[in-house]
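Heads up: the structure comes next, in structure tokens.
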Amino acid sequence: MGGVRVATWNVNSAKAREPRLLGWLDERAPDVVCLQETKLSDEAFEETFGAALAERGYEVAHHGEGRWNGVALLSRVGLEDVVNGLPGAPGFPHQEARAVSATCGDLRVTSVYVPNGRDREDPHYAYKLEWLGVLRDMVEAGDPSSTIVAGDFNIAPADLDVYSVEAFAESTHVTAPERDALAAIEKTGLHDVIRDRWVDVPAFTYWDYRGGAFHQDRGMRIDLVLAGAPVAERRAAAWVDRLARKGTGPSDHAPVIVDLDTAPDGDIGPVVPPPSMGANRGRSRKKA
DNA sequence: ATGTCAGTCCAAGACTGA
């Protein structure tokens with residue numbers, strides 16, 4: 001194994017996304033996948049995807065409730081010690097299927113679907129902040145150095161992460177309490193892998209279905225991959241798979257993909273070739 | 001341009017959620 005490709009994608013109904021999801025797995029071949037908004041029961045997910053995912057070599061941890069929410073982890077580098085939900089998380093009023101964690105190889109991975117918050121005055125907003133606090137506590141109680149928390153955070157971390165600050169003046173997703181709650185999670189030792197790589201590029205991950213938002217790039221960056229420092233340092237590539245937002249029957253979210261090199265103490269050497277084998281040699285030779 | 005899409009109930013089109 002020469003490195004691990006980790007991805008997160010809010011599919012906005014796994015059932016409605018079945019052909020797109022399977023085609024995307026074949027195209028991108030991620031090793032670990034965090035899914036959100038599967039909108040399926042565990043039984044329905046198994047029935048719809050069990051065989052297709054097993055064929056592709058994935059072990060599956062799905063935590064669903066049926067109509068809404070629903071998260072999953074797919075892994076072909078191991079899937080152990082699965083925990084459904086956030087221990088001690090608030091509900092509305094019942095606990096919702098918004099988190100699932102597992103150990104995948106040398107990574108402790110959590111797929112999260114953070115509550116939307118709806119409006120600043122809505123009780124769901126307070127629920128969202130409280131839920132984020134419990135997520136922070138869970139990360140801190142674990143080992144942040146081997147942690148990945150990825151998913152739909154429903155928070156744009158900074159003004160760069162929305163297409164228009166004015167358009168969000170009265171909205172959730174951009175408020176100081178939400179951003180503070182995210183910062184508190186990161187302060188346990190997690191890094192925003194896409195933002196580390198693309199320092200001043202918006203890198204939107206979500207575009208409303210309405211009003212031609214995708215075509216006009218009126219988007220938001222709300223799907224994040226957070227990783228402990230030793231994991232984030234293994235980053236070989238990090239990007240938003242905008243192709244998956246195009247064409248027929250897309251989700252309103254695009255996947256985020258992060259490639260990690262093998263850990264320094266792994267038994268296989270680095271993925272990046274030495275300078276003498278660099279890609280530029282071939283290109284310049286061809287020119288000459 | 002809040003101009004879409006997905007789920008539910010239940011058989012069509014309202015309602016809810018994002």
Side-chain angles (χ1 to χ4, degrees), chain A residues 8-24 34-49 62-72 89-99 111-132 150-157 161-175 178 181-182 204-224 240 242-256:
Chain A
T8 180
W9 193 11
N10 179 326
V11 291
N12 184 19
S13 170
K15 190 155 189 76
R17 219 60 60 210
E18 183 184 357
R20 295 289 303 241
L21 175 55
L22 294 176
W24 175 81
C34 302
L35 298 177
Q36 301 86 38
E37 286 208 85
T38 62
K39 297 184 178 177
L40 291 173
S41 66
D42 295 340
E43 295 73 21
F45 189 89
E46 169 60 25
E47 194 177 317
T48 308
F49 290 99
H62 183 270
H63 177 44
E65 59 187 66
R67 303 156 191 80
W68 307 113
N69 311 310
V71 287
F92 203 94
H94 66 288
Q95 286 205 7
E96 300 175 305
R98 295 184 175 276
S111 174
V112 295
Y113 176 46
V114 175
N116 178 286
R118 304 190 180 185
D119 294 301
R120 295 179 184 197
E121 294 75 27
D122 195 297
H124 286 89
Y125 178 75
Y127 167 51
K128 177 182 194 173
L129 295 176
E130 195 184 340
W131 197 93
L132 287 162
D152 178 357
F153 282 75
N154 273 312
I155 299 170
D161 299 311
V162 296
Y163 70 89
S164 160
V165 172
E166 294 71 34
F168 288 89
E170 307 297 326
S171 304
T172 59
H173 293 61
V174 299
T175 66
E178 289 165 285
L182 175 61
F204 297 146
T205 65
Y206 163 84
W207 301 260
D208 200 298
Y209 283 122
R210 296 167 288 192
F214 180 68
H215 184 66
Q216 295 165 67
D217 203 24
R218 291 202 301 256
M220 309 172 72
R221 191 176 73 93
I222 56 177
D223 299 272
L224 310 176
V240 179
R242 298 177 79 259
L243 186 63
R245 181 61 177 79
K246 300 181 182 182
T248 306
S251 169
D252 43 3
H253 295 251
V256 178

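Chain identifiers are assigned alphabetically (A, B, ...) following the order of the sequence lines, protein sequences preceding nucleic acid strands; residue numbering begins at 1 within each chain.
B:dC15 and B:dC10: their P atoms are spaced 15 Å apart (whole Å). Straight-line distance between the C1' atoms of B:dA18 and B:dA12: roughly 23 Å, to the nearest whole Å. A gap of 23 Å separates the P atoms of B:dT2 and B:dG7, to the nearest Å.
Residues satisfying the side-chain hydrogen bond (donor to acceptor under 3.5 Å, both in side chains) criterion with A:Q95, sequence neighbours excluded, are absent altogether. Partners of A:R118 according to the side-chain contact (heavy atoms from CB on, under 4.5 Å) rule, which considers only residues two or more places apart in sequence or in another chain, are A:N116, A:D122, A:H124. For A:L243, the side-chain contact (heavy atoms from CB on, under 4.5 Å) partners two or more places apart in sequence, or in a different chain, are A:R28, A:D241, A:K246. The side-chain contact (heavy atoms from CB on, under 4.5 Å) search around A:A150 returns A:T8, A:C34, A:I148, A:V225, not counting sequence neighbours. The side-chain contact (heavy atoms from CB on, under 4.5 Å) test applied to A:A16 returns A:S13, not counting sequence neighbours.
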Exercise for review: If a protein heavy atom is under 4.0 Å from the base, mark B; if only from the sugar-phosphate, S; if neither, -; do that for nucleotides 6-18 of chain B going 5' to 3'.
Suggested key: SSS-------BSB
